[in-house]
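Data block below; observations after.
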Amino acid sequence: MTDVLTAAGAPASTLPQSRHLATAIPGPRSQALHQERQAHVTGGFGVVLPVFVDRADGGILQDVDGNRLIDFASGIAVTSIGASHPRVRERVAAQLEKFTHTCFMVTEYESFTQVARWLNEHTPGDFEKRTALFSTGAEAVENAVKIARAATGRSKVLVFDEAYHGRSLLTMAMTAKENPYRLGFGPFPAEVVRAASANPLRPGAGHHDVGAHASAADVTAAALASTEATLAEHGADNFAAMVIEPIQGEGGFVVPAPGFLAGLRKIADRYGIILVIDEIQAGMGRTGTLFASEHEGVAGDITLTAKALAGGLPLSAVTGRAELMNAVHAGGLGGTYAGNPLACEAALAVFEAFEDGTLLANARAIEAAAREVLEPLVTETEAVAEFRGRGAMLALEFADRGTLAPRADLAKEVSARCHAQGVLTLTCGTYGNVIRLLPPLVIGQDLLADGLQVLRQTILDVTAEHGAPNAAARA
Ligand SMILES: *Cc1c(COP(=O)(O)O)cnc(C)c1O
């Protein structure tokens with residue numbers, strides 16, 4: 001047990017970096033606060049774990065009952081550099097002393113420009129860029145569509161199976177999964193068309209029949225053929241943009257088969273369609289490179305960032321080719337809070353934290369540690385179909401080995417038991433049968449190892465109890 005993070009490059013922590021259970025989870029204070037919440041807050045918000053957080057730092061969430069939970073969620077890939085990184089605290093506190101808001105459309109401040117400059121210099125694509133800042137990821141997606149339409153004079157938008165792009169009306173239309181994201185909220189904006197994704201485990205789900213055990217090259221070829229067919233059907237010349245996540249987030253941490261993104265790049269070029277890469281969840285260092293599209297050597301015409309961009313403060317960005325970004329008439333883009341100065345200072349702190357490369361190395365080290373502990377489960381149990389992901393964006397898919405029938409029941413049970421033991425995991429996926437890991441990049445080695453062991457043993461226990469026979473002896 002140590003008071004200091006052991007991960008290289010991580011600042012000394014203000015919270016003990018060890019798991020600690022003082023009460024049952026959730027504890028009595030959290031339960032009381034949750035009751036009060038239910039009296040005042042809309043029931044439309046779900047909650048993964050009804051625990052009220054008092055402090056958070058490094059890889060630890062400390063709740064109001066004094067429990068310390070291991071954070072494998074990072075507030076959904078937001079607090080990659082920790083939830084109270086000293087640089088973020090210092091920069092935001094200094095800005096608070098000066099002013100909180102002017103509205104960048106009314107009077108200007110320099111940090112907005114500096115954030116734009118960093119993104120222009122660091123996002124993939126060796127061309128002149130401009131950046132627009134907003135507050136949420138959905139806003140960034142919506143504005144990318146506005147910009148692509150203004151620049152091309154076309155209206156349609158191509159999206160993909162298992163996509164998640166947000167909860168506003170347009171981005172709900174772009175998101176694939178009905179329940180909970182779209183259910184009851186239609187009708188949706190028109191002109192959004194969906195093609196198959198290149199999901200290596202479940203190739204062609206819903207769109208084309210590749211057959212089980214298809215090679216990665218077959219999966220890529222079939223998914224690209226689906227894109228071509230969809231474009232032909234709807235008229236390729238009618239498409240302003242195609243929008244793709246380099247690794248799909250809410251849809252199940254699906255890493256597309258190799259060559260799919262590069263193939264989309266070629267198709268987009270052939271038909272004059274703007275390629276928008278939604279790096280909102282996978283970007284900003286999460287996968288061991290600054291941007292996940294770098295793994296495939298592909299640059300979008302427009303790259304979207306949000307989530308981890310500003311260390312927990314609300315900030316999103318649309319970064320793209322200068323001629324596209326400047327195709328919009330003056331005054332056509334904006335928003336009252338777009339690029340709020342506190343959030344811009346936080347983003348500048350995040351950029352500083354990434355400067356020496358340690359955090360990217362940490363992401364890769366997290367992958368190596370998790371792979372060692374979790375990947376054997378694929379052969380040791382009958383119900384873990386795949387371990388996948390990149391860097392600190394990792395997932396286990398639960399499904400019966402032979403049929404691939406999804407086992408959401410197992411994912412839910414494993415997650416619930418991890419929560420009870422003080423390890424915060426999230427689920428995701430079209431079938432809700434995926435457990436995803438999004439630890440902060442500053443999590444210490446000991447803490448990471450503890451959390452991974454809890455998860456591993458819980459999976460062995462739950463799969464054994466549920467009649468999914470384990471091939472290997474229990475750990
Ligand atoms: C979270 C997310 C969004 C939406 O971001 P919000 O800030 O919740 O609006 C869009 N795209 C992807 C890939 C995301 O993960």
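Position 1 is the first residue of the sequence; numbering continues from there. Since the structure is predicted, the reported quantities are computational estimates derived from the model, not experimental observations. When a ligand or atom number is given, it counts from 1 through the structure's own listing order.
Close approach of ligand 1 to Y164 (heavy-atom distance below 4.0 Å) involves ligand atoms 1 (C), 2 (C), 3 (C), 11 (N), 12 (C), 13 (C), 14 (C). Within ligand 1, the atoms closer than 4.0 Å to a non-hydrogen atom of T136 are 7 (O), 9 (O), numbered from 1 in the order shown. The contact set between ligand 1 and D278, taken as ligand atoms under 4.0 Å from a residue heavy atom, comprises 10 (C), 11 (N), 12 (C), 13 (C). Near E245, meaning under 4.0 Å from any of its heavy atoms, are these atoms of ligand 1: 13 (C).
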Inset, instruction - Please test D161 against R202 for salt bridge (Lys or Arg N to Asp or Glu O under 4.0 Å), starting from the C-alpha separation and ending with a verdict. - result: CA-CA 11 Å; D161 282 339; R202 300 178 182 279; over 6 Å; no
Inset, instruction - Decide yes or no on salt bridge (Lys or Arg N to Asp or Glu O under 4.0 Å) for R270 and E228, but give the supporting numbers first. - result: CA-CA 11 Å; R270 191 175 321 133; E228 289 276 14; 2.4 Å; yes
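Residue-ligand proximity: G249 is placed with every non-hydrogen atom at 4.0 Å or more from ligand 1.
Using a 4.0 Å cut-off between heavy atoms, A138 contacts ligand 1 through both its backbone and its side chain. With a 4.0 Å cut-off on non-hydrogen atoms, K307 touches ligand 1 through its side chain and not its backbone.
Considering backbone and side-chain atoms alike, E250 places every N or O at 3.5 Å or more from each N or O of ligand 1. Below 3.5 Å of separation, one finds an N or O of Q281 facing an N or O of ligand 1. Residue I280 places no N or O, backbone or side chain, under 3.5 Å from any N or O of ligand 1. In terms of N/O distances under 3.5 Å, ligand 1 is approached by G137.
When the options V53, V423, V51, I60 are evaluated for a side-chain contact (heavy atoms from CB on, under 4.5 Å) with L69, the one that passes is V51. With respect to R390, the salt bridge (Lys or Arg N to Asp or Glu O under 4.0 Å) criterion is satisfied by exactly one of E296, E367, E294: E296.
Note that atom 8 (O) of ligand 1 has no protein non-hydrogen atoms nearby, at separations under 4.0 angstrom.
For the residue pair T175 / R182, no side-chain donor-acceptor distance below 3.5 Å is found, with atom types taken as modelled.
Taking the six-membered ring where the residue is Trp, F291 and W118 present tilted rings, their angle falling between 30° and 60°.
Residues L315 and F134 form no side-chain contact, since every pair of their non-hydrogen atoms from C-beta on lies 4.5 Å or further apart.
Atom CD of E36 has 12 or fewer heavy atoms from other residues, nucleotides or ligands within 6.0 Å.
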